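We name chains A, B, ... by the order of the sequence lines, and we start the count at 1 in each one. What you see is a predicted model, and the numbers here were worked out from it, not measured in a lab.
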2 protein chains.
Amino acid sequence: MVSIKDVAKHAGISFKTVSRVVNNDPAVRQETRAKVLQSIEVLNYRPNRAARMMRNQRSGVIGFISDEVVTRPYAGELLLGAQEIANQQGRVLMVVNIEQDRRRLQQALDMLLERRIEGLVFASYFHREVEVPEEMLSVPSVLANCFSRNAGVATFLPDECQAGQDATRLLVEQGHQRIAFITLHPEIVATGLRLEGYRQALQQAGLAFDPQLVVQGECLNEAGEPSSAASAIETLMQLDHRPTAIVCGKDEFAMQVYFLLLRYGLQVGVDIAITSFDNQLLIAPNLTPGLTTMALPHLEMGRAAVRHLFSSDADRGTTLVPFPLIERESHLLNP
Amino acid sequence: MVSIKDVAKHAGISFKTVSRVVNNDPAVRQETRAKVLQSIEVLNYRPNRAARMMRNQRSGVIGFISDEVVTRPYAGELLLGAQEIANQQGRVLMVVNIEQDRRRLQQALDMLLERRIEGLVFASYFHREVEVPEEMLSVPSVLANCFSRNAGVATFLPDECQAGQDATRLLVEQGHQRIAFITLHPEIVATGLRLEGYRQALQQAGLAFDPQLVVQGECLNEAGEPSSAASAIETLMQLDHRPTAIVCGKDEFAMQVYFLLLRYGLQVGVDIAITSFDNQLLIAPNLTPGLTTMALPHLEMGRAAVRHLFSSDADRGTTLVPFPLIERESHLLNP
DNA sequence: GCTTATATTGACAACGTTGTCTATGGGTGG
DNA sequence: CCACCCATAGACAACGTTGTCAATATAAGC
């Protein structure tokens, strides 16, 4: 690799002057600068970041450890948001996917710390609790889309409860009085919070909470394997007093609900209104009518996380990031 | 930051010996080694990669430049496959998303070259032609899921034609004789190749190619905005002699086709058979019947790309990576 | 007990930068 | 004409490692 000394030799000048040119030091004669720049061009010289880093102790790297953010058909926006802000700061992301594996987490951490990362984002592909190794705290850290009970780390989470409220209120505002809720797996954090939002929205509207209207969708796991809203819909349709609107726990459920209702002669957008969560771009815009859904705020969480890393704000608390409402047509009837 | 010299001082020994311990040099007395290890533990010492790198000239970093691989609800597996192999090699990925922006591409390249990457993967989120800057060739490079006419770079592409054949043959084998094909946007590379596979499969089966059965789905763009198979299905249903099976250009189309056919009283899996492409996990397993589809080989392309980077195999040619067949039920009738 | 081989350790340079200080040269002011 | 200042350039050390070689200590061979 061509070094600063090679350039110096080629330009017939001391290597320190080349350094000055590279760093835009004004104390270089115009003539000399031109000569150096040409040599740089000719030799295709690039400063060596490792050497620079040894001097100024700044790696310019932010670690991004994720369980499976990248693998999943969503959540990648978390990375994107993080990268956007990092780039604005002149920093780069070093991404490691660890797949729920404690050993790999340790390896990743070692590797990143050896590289003297200036900050660390720990992100999960779905909202859940995680355990963070103490070592992580030796560097400015943030949790995104996950939280830890023990460690005092700044945390950015989607505001599930607010989203639950919004998704429900949208239907309330259309005059619906019997609004069902198809929940996610009970052990997922989002489930309880969104349901709480649903309750609150009903209460605010002066509507009674009817436990019969809350049914669980099958959600075998979060690994992309099939999930099903079939039994949920079946239960709802057997009620004496059927719902006129449904809040679906996720867009995959919503997609299935569109189908399932047809079996009962009901059409979304005509006979029954629907809202949902996630705004999966493969699904929501492609249904007819378009699915009104609360978009996961992955992008914004990613941004907020990195922004926080180097902000003067030393807050170690939790910040709730709102779900943007993506309004299509499924929450309306007879449009 | 604690350096090797701090450890040496703490252990009351020369820093060179610490280096030996860190590098598992056997020429250290057991007793000394223990002492050093303890000091390392106490001080929480970590070797500085930048300094190491200056000596051995190896960064251990592979650049991964992508247009939008991470942003998309699929394609992330490309990154995952790349990371998997990189990790096996003891290397790390440095990921940069450039969003089709030439300026950002240049920036990314500069940044990666300054960091002395040992190899570079250039990946696209959909199969297309790209322009690679010459500078890229100054480092071992690979193209994944994209190709370049001008540059002689090793290239890994999905075998669209084979996939088209497979998706079609599956239906032929079920005895279908009128098999329709809903194409993607005509300007996308995959469109022509998959169609060619469809033709070949028909020919091999001795079936006539009927241009009336090839219809274009609306595919406004690749940005996740809505696409539609509505007009395609309408066209097909107006034919005197309707198809009994359909190959859908992508799973989003397939999802819509399930709906659209219901308007004509046709049910997938009962009246009409379907295959598709992509294996979108949000869609394919969640339809009823489950969608039989050719999975995009992103994971394998990512693996192959990185594997090639440091293989002795200096082949600069193009490798076609097969689509795995994901067999569910939609290609069968009356299951 | 003395020589010699071997095991263990340390001194020093080098990697490619940048920071600090010094040296050179020409111009300015008295 | 001399002292001084400013613009420009170079010498050298340092960052944290590892490679090379020399130094020391210990053990083995006679």
Side-chain angles (χ1 to χ4, degrees), chain A residues 1-40 43-61 90 110-118 138, chain B residues 1-40 43-61 90 110-118 138:
Chain A
M1 257 295 153
V2 33
S3 84
I4 204 171
K5 292 186 184 171
D6 300 320
V7 177
K9 206 173 295 172
H10 185 271
I13 213 146
S14 93
F15 72 92
K16 177 63 221 196
T17 300
V18 178
S19 168
R20 276 191 259 264
V21 171
V22 169
N23 291 283
N24 279 317
D25 188 325
V28 179
R29 219 189 318 160
Q30 210 42 250
E31 189 188 338
T32 315
R33 180 184 306 277
K35 204 166 51 180
V36 171
L37 285 176
Q38 209 209 332
S39 293
I40 287 180
L43 298 179
N44 194 25
Y45 163 74
R46 270 167 216 288
N48 183 326
R49 274 305 260 258
R52 280 185 154 175
M53 178 183 154
M54 287 203 41
R55 295 281 331 172
N56 54 22
Q57 304 287 37
R58 291 204 38 215
S59 66
V61 178
D110 284 344
M111 187 237 100
L112 292 171
L113 290 174
E114 278 186 7
R115 288 195 155 75
R116 299 292 187 265
I117 48 170
E118 298 175 16
S138 64
Chain B
M1 259 296 153
V2 33
S3 83
I4 205 171
K5 293 187 183 171
D6 300 319
V7 178
K9 207 172 296 173
H10 184 271
I13 212 146
S14 91
F15 70 94
K16 177 64 222 197
T17 299
V18 178
S19 168
R20 275 191 261 263
V21 171
V22 170
N23 292 283
N24 279 317
D25 188 324
V28 179
R29 218 189 319 159
Q30 209 43 248
E31 187 187 340
T32 315
R33 180 185 304 276
K35 205 166 49 178
V36 170
L37 285 175
Q38 208 207 332
S39 294
I40 287 180
L43 298 179
N44 193 25
Y45 164 74
R46 269 165 215 290
N48 183 326
R49 273 307 259 260
R52 281 188 153 173
M53 177 183 155
M54 286 201 44
R55 295 282 329 174
N56 55 22
Q57 305 288 36
R58 290 204 39 213
S59 65
V61 178
D110 285 343
M111 188 237 98
L112 292 171
L113 290 174
E114 277 187 7
R115 286 195 155 76
R116 301 292 187 263
I117 49 170
E118 298 176 15
S138 65

Check: If you find the nucleotide of DNA chain C closest to B:Lys16 and the one closest to B:Met54, which residue's nucleotide is nearer the 5' end?
Finding: B:Lys16
Margin query: Going 5' to 3' along DNA chain D, between which two nucleotides do contacts with chain A fall, using a heavy-atom cut-off of 4.0 Å?
Written below: D:dT8 to D:dG16
Next item on the list: Could I get the full list of salt bridge (charged side-chain N to carboxylate O under 4.0 Å, His left out) partners for B:Arg33, not counting sequence neighbours?
Entry: none
Checklist line | A:Glu114 bridged to B:Arg46 by N-O distance under 4.0 Å | finding: no
Checklist line | Letter per nucleotide, 5' to 3', of nucleotides 21-28 of chain C [B base touched, S only sugar-phosphate touched, - untouched; heavy atoms, 4.0 Å] | finding: --------
Notebook entry, point to check: At what angle, to 10 degrees, do the two end axes of the helix from C:dG1-D:dC30 to C:dG30-D:dC1 meet, given five pairs define each axis?
Noted result: 50°
Check: Going by heavy atoms closer than 4.0 Å, what residues in residues 5-15 of chain A are next to DNA chain D?
Finding: A:Ile13, A:Ser14, A:Phe15
Next item on the list: Drop me the distance from B:Ser138's OG to A:Asn44's CG, to the nearest 0.5 angstrom.
Entry: 6.5 Å
Checklist line | Non-hydrogen atoms of A:His10 and A:Ser39 that approach each other most closely | finding: ND1-OG, 2.8 Å
Checklist line | Sub-4.0 Å heavy-atom contacts from residues 28-38 of chain B onto DNA chain C, ordered by number | finding: B:Val28, B:Arg29, B:Thr32
Next item on the list: Pick base, sugar-phosphate or nothing for B:Arg46, based on heavy-atom distances below 4.0 Å to the nucleic acid.
Entry: sugar-phosphate
Check: Hey, does B:Asn23 reach any base, or is it just sugar-phosphate, or nothing, if we go heavy atoms under 4.0 Å?
Finding: sugar-phosphate
